[in-house]
Amino acid sequence: MSTSTSSFNQQQYQFRDYTFIAGGFDSRSNNVDTRLFSTATPPTDNAALKELLTATPAHPNNNIPPHITERALMEPKLYQISPHPLYLIKKRIEDYFKVVGHNVNSDEGFVSMDSMAPIVTLEANFDSLLIPQDHVSRSPSDTYYINDEYLLRCHTSAHQVQLLKQGHRQFLCTGDVYRRDDIDRSHYPIFHQMEGVKVFDEDATEEQVLDDLKATLEGLAKHLFGAEAECRWVEEYFPFTDPSLELEVFFDGEWLEVLGCGVMRPEIVKNGLGKGDSDTLPRAWAFGLGLERLAMILFQIPDIRLFWSDDERFWKQFSEDMAMDGSATFQTYSKFPPVYKDVSFWLKKNENDVVTFHPNDLLDLVRGIAGDLAENVEMVDQFVNPKTTLESQCYRITYRSMDRSLTNEEIDELQENLRSKIESALADKVELR
Ligand code: PHE
């Protein structure tokens, strides 16, 4: 659908369809050799951060619906539960970095962290990464704000500087990330990212860093997609890396974006290393990948809602010893019929004659009411009344359960709830037709 989204590979206000550049080892499980691969304790006071989420009364800037708060507080995280597919992919990536970490001259290897609360400061999520003030990702229509100072992280890059400041020089960091976004089979307001960072000695050249980045990530792609996997590099833009690149892999007949990465801007590295005043140019690379996206490709999982399923027909298809080379594919266990419902409204204008409605306002209401029964929301009609100059928009909501057939009555009830919620919660933005 036509809503804009806040991918970081966008220049300001340049809308492009968003892909997960983003987003697994369980710090609590025992099957990791911690001498090779230590899992650090959470670096922030998670308990205090979580309290911010549930503080009452909510700050006027708070735009986080209760169903999102509930998920943000949920523990363990999906990637911490064996054999969830996100757990399997995370572990597979960590296995690779155990080996890579030891190829370089470091006694530490890559440390993996996965228990940092998703509540971070605006400074960590944006400022520390040199994301401009007018970047679309800062907009409250794209990001979940708790108050003026804290938000739900929209990428794991939010922890880059924090972890450098703690002294880590090679690390992986996994977490749940939050974006107000479309409702369709590959978009969900919560998904999981894994970040990787590696710092180099002062005498390393940009070329060496870039070569190491490419070799490391091509190696990762082959580890995930098979030794034969064909890779290509595409130039990208991220505010926090320069140069910035995207890695694509040829899989199942098409080129697929797998991750975003680049050479970290030196100001960010200096800040992280506490060398703000020196004129050395410390170099580091960083990458970010989406665990759902990788799992959907590798296991052919057709709908992102499935990751949240507690249906045993989903769970029993995964195991710690299953093939991870694309040969083990998910078998859809059900295809229940969809139910379509439309809702139309006029977009109101405020005292400055400006429309304040954003499609994501509607999407949060739909998720809040229908939960994972909402499969898709799409704008199907739009026109301007020439007399009133008001714009009308019509959205088609596809309701479908992954596990069972829906009854007409329950969908009618959901739709009625949605209409009254639109009337109350969006009273100053739209008028139902
Ligand atoms: N944080 C970026 C995103 O979510 C991905 C990324 C991480 C890009 C690190 C470059 C370096 O889209």
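In this chain, residues are counted from 1 in sequence order. In each ligand, atom 1 is the first atom listed, and ligand 1 is the first ligand listed.
Every N/O-N/O distance between E195 and ligand 1 stays at or above 3.5 Å. Not a single N or O atom of Q160, backbone or side chain, sits closer than 3.5 Å to an N or O atom of ligand 1. At least one N or O atom of H155, backbone or side chain, sits closer than 3.5 Å to an N or O atom of ligand 1.
Looking at residues two or more places apart in sequence or on another chain, you find a ring pair (Phe, Tyr, Trp, His ring centres under 6.0 Å) between W315 and H84.
No side-chain donor from either of E236 and S244 sits under 3.5 Å from a side-chain acceptor of the other. When only modelled atom types and interatomic distance are considered, R180 and H358 share no side-chain donor-acceptor pair under 3.5 Å.
Atoms of ligand 1 lying under 4.0 Å from any heavy atom of G288, numbered from 1 in the order shown and given with element: 6 (C), 7 (C), 9 (C). Under a 4.0 Å criterion applied to the non-hydrogen atoms of Q193, ligand 1 contributes the atoms 3 (C), 4 (O). Close approach of ligand 1 to S157 is summarised as follows: ligand atoms under 4.0 Å from at least one heavy atom of the residue are 1 (N), 7 (C), 9 (C). Listed by atom number, the atoms of ligand 1 under 4.0 Å from F240 heavy atoms are 1 (N), 2 (C), 6 (C), 8 (C), 10 (C), 11 (C). Close approach to G260 involves these atoms of ligand 1, each under 4.0 Å from a residue heavy atom: 6 (C), 8 (C), 10 (C).
Heavy atoms of M264 found under 4.0 angstrom from ligand 1: none, in either backbone or side chain. Proximity of R179 to ligand 1, defined as any heavy-atom pair under 4.0 Å, is confined to the side chain (atoms from C-beta onward). Only the backbone of F287 comes within 4.0 Å of ligand 1, counting heavy atoms alone; no side-chain atom from C-beta on gets that close.
Put simply, CD on Q300 and CZ on F330 are 11.0 Å apart, with the number rounded to the nearest 0.5 Å.
By the 30° and 60° cut-offs, the orientation of the rings of F238 relative to F240 is parallel.
When the shell of 6.0 Å around NZ of K421 is examined, it contains 12 or fewer heavy atoms from other residues, nucleotides or ligands. Around atom CG of N350, more than 12 heavy atoms belonging to other residues, nucleotides or ligands sit under 6.0 Å away.
Residue pairs meeting the salt bridge (charged side-chain N to carboxylate O under 4.0 Å, His left out) criterion with at least one member in residues 365-374, sequence neighbours excluded, are R71-D372.
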